[in-house]
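Before any comments, here is the structure.
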Protein chains: 2
Amino acid sequence: MTITHSTEDALADSAFQAALEEFRAVIGAENVHTDPETRREYSDTYSPKEWTEYLPPAVLQPATVEEVQAVVRIANRLGIELWANSQGRNNGYGGSAPRHAGTVVVNLRRMNRVLEVNEEFSYVVVEPGVSFNDLYDYTQANGHRIWVDCPDIGWGSVVGNSLEHGFGYTVNGDRANSVCGIEVVLPNGELLRTGMGAMTDNPSWHLSKRGFGPMVDSLFMQSNFGIVTKMGLWCMPEPEFYLTGWVTIDDDEQLPDLLEAVRPLMIDRTIPNYPSVFTASGALAVVGKRTDFYDGEGPIPFEISKAIVSSIPNLGMWNLRFALYGRENVVDAQFENITRALEHIPGINITGTKMRGDEIDPESLDQSGKVQAGIPDMQLLNTSSWAGGEGGHIGFSTVLPLTGRDGRTITDLVRPASEQAGFDYIGGFLLRERSMMHVTLMVYDTADEPAAARARDLCGELVATSAAMGYGEYRAHLSNMDNVQDTFDFNDHAMRRFYETLKDAIDPEGILAPGKQGIWPRRLREEARERA
Amino acid sequence: MTITHSTEDALADSAFQAALEEFRAVIGAENVHTDPETRREYSDTYSPKEWTEYLPPAVLQPATVEEVQAVVRIANRLGIELWANSQGRNNGYGGSAPRHAGTVVVNLRRMNRVLEVNEEFSYVVVEPGVSFNDLYDYTQANGHRIWVDCPDIGWGSVVGNSLEHGFGYTVNGDRANSVCGIEVVLPNGELLRTGMGAMTDNPSWHLSKRGFGPMVDSLFMQSNFGIVTKMGLWCMPEPEFYLTGWVTIDDDEQLPDLLEAVRPLMIDRTIPNYPSVFTASGALAVVGKRTDFYDGEGPIPFEISKAIVSSIPNLGMWNLRFALYGRENVVDAQFENITRALEHIPGINITGTKMRGDEIDPESLDQSGKVQAGIPDMQLLNTSSWAGGEGGHIGFSTVLPLTGRDGRTITDLVRPASEQAGFDYIGGFLLRERSMMHVTLMVYDTADEPAAARARDLCGELVATSAAMGYGEYRAHLSNMDNVQDTFDFNDHAMRRFYETLKDAIDPEGILAPGKQGIWPRRLREEARERA
């Protein structure tokens, strides 16, 4: 059968209605949603309401692995496209919405069990519907002395965010690399367990990353090759001491020096966590709206930003947060070494707040102090309200070498481009051992269609411009997935061809998340190329 | 055409001879070897000479990426099976030899360029023919202040050992996880670059582990999906201070306590490297032969082992090595914390030798002190001579949770089984964050066919016994690859079926390393199952 390619057509199609009947039979009618409100909720909620390109025709909410398998088998048989997500909070990159019109959302919020919290080995095993908030509440309620890495906003799924290569801020902040052992429903409905889990009842499933033969876990990340139904994640034991560090510089000109000074500390893990460096606007957007600081039209002028910064204590033009964990003697020594490595930068201010790991009062911590201790928080969601109204944003996230020069190059590109498009530059760097991600949010009122359109256009332009400079994106909004995949052009797009080879083998009917990350099944490839 | 299934048949086959002619045309006749000496050199050299099951019909030595591509294309067209290796030093697991009779070895020793040593970001990029010894000599000769993780024996390939999930002993000892950015010749001859390298000239190829979409690097490890021709590897900057630590316990009964005490130090990375715990025999086999210590028949009796141990200074029944790196205040604090965490074990002895990183004299270091500093060494090769004669061994390597109980369980299984088969128990644990590998070497004189046969049989039995206890192998000798893959049985061998799906898609002609890790191409699968 052919697959219906428009969302509204799908609903009108009798074959599609017959498929919904089959879905209802296996997961219950109350878990198959076609009402406009639910469909809107599971679309790209950061797009203006009038934009329906990514509106799914239906939303399914299975509750068990067996139900997911049954749904996939029906979809395979009837040629229905499925877009699986966990919480569906991939906001800034398209939220819960599918890439291809007519694709049904499979949302896994009802699979919300914390399957294991293991303090002996410091890991957790969760289902996809468990949010960072849920998991934190669970570990607190049960007195577990374990810290789970989390992103800035706590309502997202632990599984979903980790699979999308999302970053956190503890020692396990490169979270995709802290995943150990997953269970996946393949597009044919088969159940696969990876690593040591490929052996029945092997106790090392969540302890050892590799099995016998190639490790395939990463194939199911940023991917449309399977639906992950269980995931092991390495965590930190509660440390004896925790220090949350804050570094400010007053002068934008010092940004390259700061990045240069930090790199060796990242490479040798003197800074053991994954720090961020962000603009004053980034810090301010957490605690207020732009009208709290400036009531003029257009982006806040640079000189006024400087004046705002100098009027607020502990705020710099750029702000670096980092953290230390462990026994007191090591934490003290590391802090001393970090201070010594940074203090040559004129005007730098370095502070550290140290506390016992078992005496942390979350209320006493700011947003950075919380997330660096694995305490999820919702404060950063405020950023979306920066421009007022019903806030939304789109994310632009570029991977760069961790150098001062590259930091300067990207801010010199993105700041003026953003301001020219009418957006305040709200940006920052997520630091890793040897690279960094420059993340910018273009924030708009979703009721302001022209602003939303400008944000999306700007992202598309920046993808092209930064690729021309040799930089690639780590993640992209639905509207940019093809563009970004296009920039990975070595040997005439050998990587995309390889992804397509895998896609056709693993998902021959092409039912799972067509177009995700620019990977299309054979059936839709030509159409996708023509659009490009 | 059909593929010749016996090595001697292959050589007699005119189609095979025609293929060799084509290979000669692209890589030069001097790099296509069919003489018995070279074929023997690239077979399983730790098998008795009389055993020819893994003897390849020919050995090809291309020198460039383009030559590898040309070889693969010819093989695809003519249906010739290829077994690629780097140095071909996978000794203990089959050396350079192919799994399937008739398969031609493609040895990459001539691709021996160090492509980059980057001190700013602390990584190297090498071709497959570069050994750890080569790379160390290169960094020393050029004054690079960078430490490259290495295994116990330095003649192996950096690429080859890392791809086989081989372990080292610095902070980058989980070396497969320190690989960042590879170039691969696919079975169809296409060239693929992974991660950020999938974008032409992206400067983050060897800095950031993921690109856009699923990361595929691990697909080419312990695999027969492609031939890796370039590899980036993260290294350590030369630390300000280095401490090599040595811990002994006199009583075998204390082994579980030692493992229990070490686990939290591994999880929170107080011990930042990848330590080993090994038997006295393991330590003795590095420096001598068994006849130096005991001249009786059969395995050295336990009581005599104890007497030997107590007569040698700094030697315990079990010996743990570990290392610390960094600024002096942190190294001192960590050593203090480690000492405090272990000193409750009766009879334990903990020593640390600290030195400046830029003042290391390799001659002053023992084997552990060297390899923990990334200084490759050949001393451990002595272990193979433990039983005298033309030494060989076979490796049995099991992954376990890092607990005292699991440590006891595996030694209680392997020690008596080894001794019953006439082998001294030479074993040890390679510790990781949450798991450990128990590695045993069955050492024999390769002239002693019955001993070699007993070693191989014993390995096969141990695979089955340990799998029945829920433990899986991380690596296996050619003769055990099918057995081990068989033990990964979850959902009726879903992982093997998934590997087969990938294999058929990536290598439809099934020319690359048939049977490696128990992954067979469609064409040979039935035959393989019948053998099992």
Side-chain angles (χ1 to χ4, degrees), chain A residues 121-122 165 176 190-193 196-204 207-208 210-216 218-219 221-223 225 237 267-268 326-327 329-330 333-334 336-337 399-401 432 434-435 470 472-474 484-485 487-491 494-495 498-499 501-502 505-506 517 519, chain B residues 121-122 165 176 190-193 196-204 207-208 210-216 218-219 221-223 225 237 267-268 326-327 329-330 333-334 336-337 399-401 434-435 467 470 472-474 484-485 487-491 494-495 498-499 501-502 505-506 517 519:
Chain A
F121 292 103
S122 205
H165 297 173
E190 273 230 58
L191 199 64
L192 182 76
R193 288 184 178 173
M196 285 292 158
M199 176 184 282
T200 309
D201 294 331
N202 187 305
S204 300
L207 303 179
S208 172
R210 285 170 282 274
F212 187 70
M215 181 173 82
V216 300
S218 64
L219 273 195
M221 300 181 181
Q222 277 203 1
S223 123
F225 299 156
I267 292 178
D268 75 6
R327 290 168 195 82
N329 54 359
V330 171
Q334 281 171 314
E336 185 189 324
N337 296 336
V399 177
L400 309 156
R432 305 189 285 194
R434 288 159 178 82
S435 63
E473 308 311 305
Y474 105 103
V484 172
Q485 188 58 261
T487 66
F488 285 81
D489 61 349
F490 176 75
N491 188 19
M495 182 53 81
F498 187 67
Y499 284 148
T501 299
L502 298 178
I506 299 170
Q517 249 64 29
I519 306 169
Chain B
F121 291 103
S122 204
H165 297 171
E190 272 229 59
L191 198 64
L192 182 76
R193 289 185 178 172
M196 284 292 159
M199 176 185 281
T200 309
D201 293 333
N202 187 305
S204 300
L207 303 179
S208 172
R210 286 171 282 274
F212 187 71
M215 182 172 82
V216 300
S218 64
L219 274 195
M221 299 181 181
Q222 276 203 3
S223 122
F225 299 155
I267 292 178
D268 75 7
R327 291 169 194 83
N329 55 357
V330 171
Q334 281 170 316
E336 184 190 325
N337 296 337
V399 177
L400 310 156
R434 288 161 177 79
S435 63
E473 307 313 305
Y474 105 103
V484 173
Q485 188 58 259
T487 65
F488 286 80
D489 61 348
F490 175 75
N491 188 18
M495 181 54 81
F498 188 67
Y499 284 147
T501 300
L502 297 178
I506 299 170
Q517 249 64 26
I519 305 169

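Numbers restart at 1 for each chain; the letters A, B, ... are given by sequence-line order, proteins then strands.
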Q) chain A: which of B:His165, B:Gln334, B:Glu473 shares the most heavy-atom pairs with it under 4.5 Å? A) B:His165
Straight-line distance of [X] [atom1] to [Y] [atom2], nearest 0.5 Å:
X: B:Gln222; Y: A:Met215; atom1: CD; atom2: CE; value: 11.5 Å
X: B:Gln485; Y: A:Met199; atom1: CD; atom2: CE; value: 9.5 Å
X: A:Phe488; Y: B:Asn202; atom1: CZ; atom2: CG; value: 6.5 Å
X: A:Asn491; Y: B:Thr200; atom1: CG; atom2: OG1; value: 8.5 Å
X: B:Tyr474; Y: A:Met196; atom1: OH; atom2: CE; value: 10.5 Å

Contact class of [X] relative to chain A, heavy atoms under 4.5 angstrom:
X: B:Phe498; answer: side chain
X: B:Arg210; answer: side chain
X: B:Met221; answer: backbone
X: B:Ile519; answer: side chain

Closest approach of [X] and [Y], non-hydrogen atoms and distance?
X: B:Ala333; Y: A:Val330; result: CB-CG2, 3.7 Å
X: B:Ala198; Y: A:Met495; result: CB-CB, 3.7 Å
X: A:Phe225; Y: B:Pro214; result: CE1-CG, 3.7 Å
X: A:Asp268; Y: B:Pro237; result: CB-CG, 4.3 Å
X: A:Leu400; Y: B:Ser204; result: C-OG, 3.5 Å

Most heavy-atom pairs under 4.5 angstrom with chain B, which of [options]?
options: A:Ala176, A:Gly470, A:Ala494; answer: A:Gly470
options: A:Val399, A:Asn337, A:Thr487; answer: A:Asn337
options: A:Gly197, A:Gly211, A:Gly213; answer: A:Gly213
options: A:Ser223, A:Ala505, A:Ser208; answer: A:Ser208
options: A:Ile267, A:Asn329, A:Thr501, A:Val484; answer: A:Asn329

Under 4.5 Å heavy-atom distance to chain B, tell me which part of [X] shows up: side chain, backbone, both or neither.
X: A:Leu219; value: both
X: A:Arg193; value: both
X: A:Phe121; value: both

Q) Is there side-chain contact between B:Leu502 and A:Ile506, with heavy atoms separated by less than 4.5 Å? A) yes
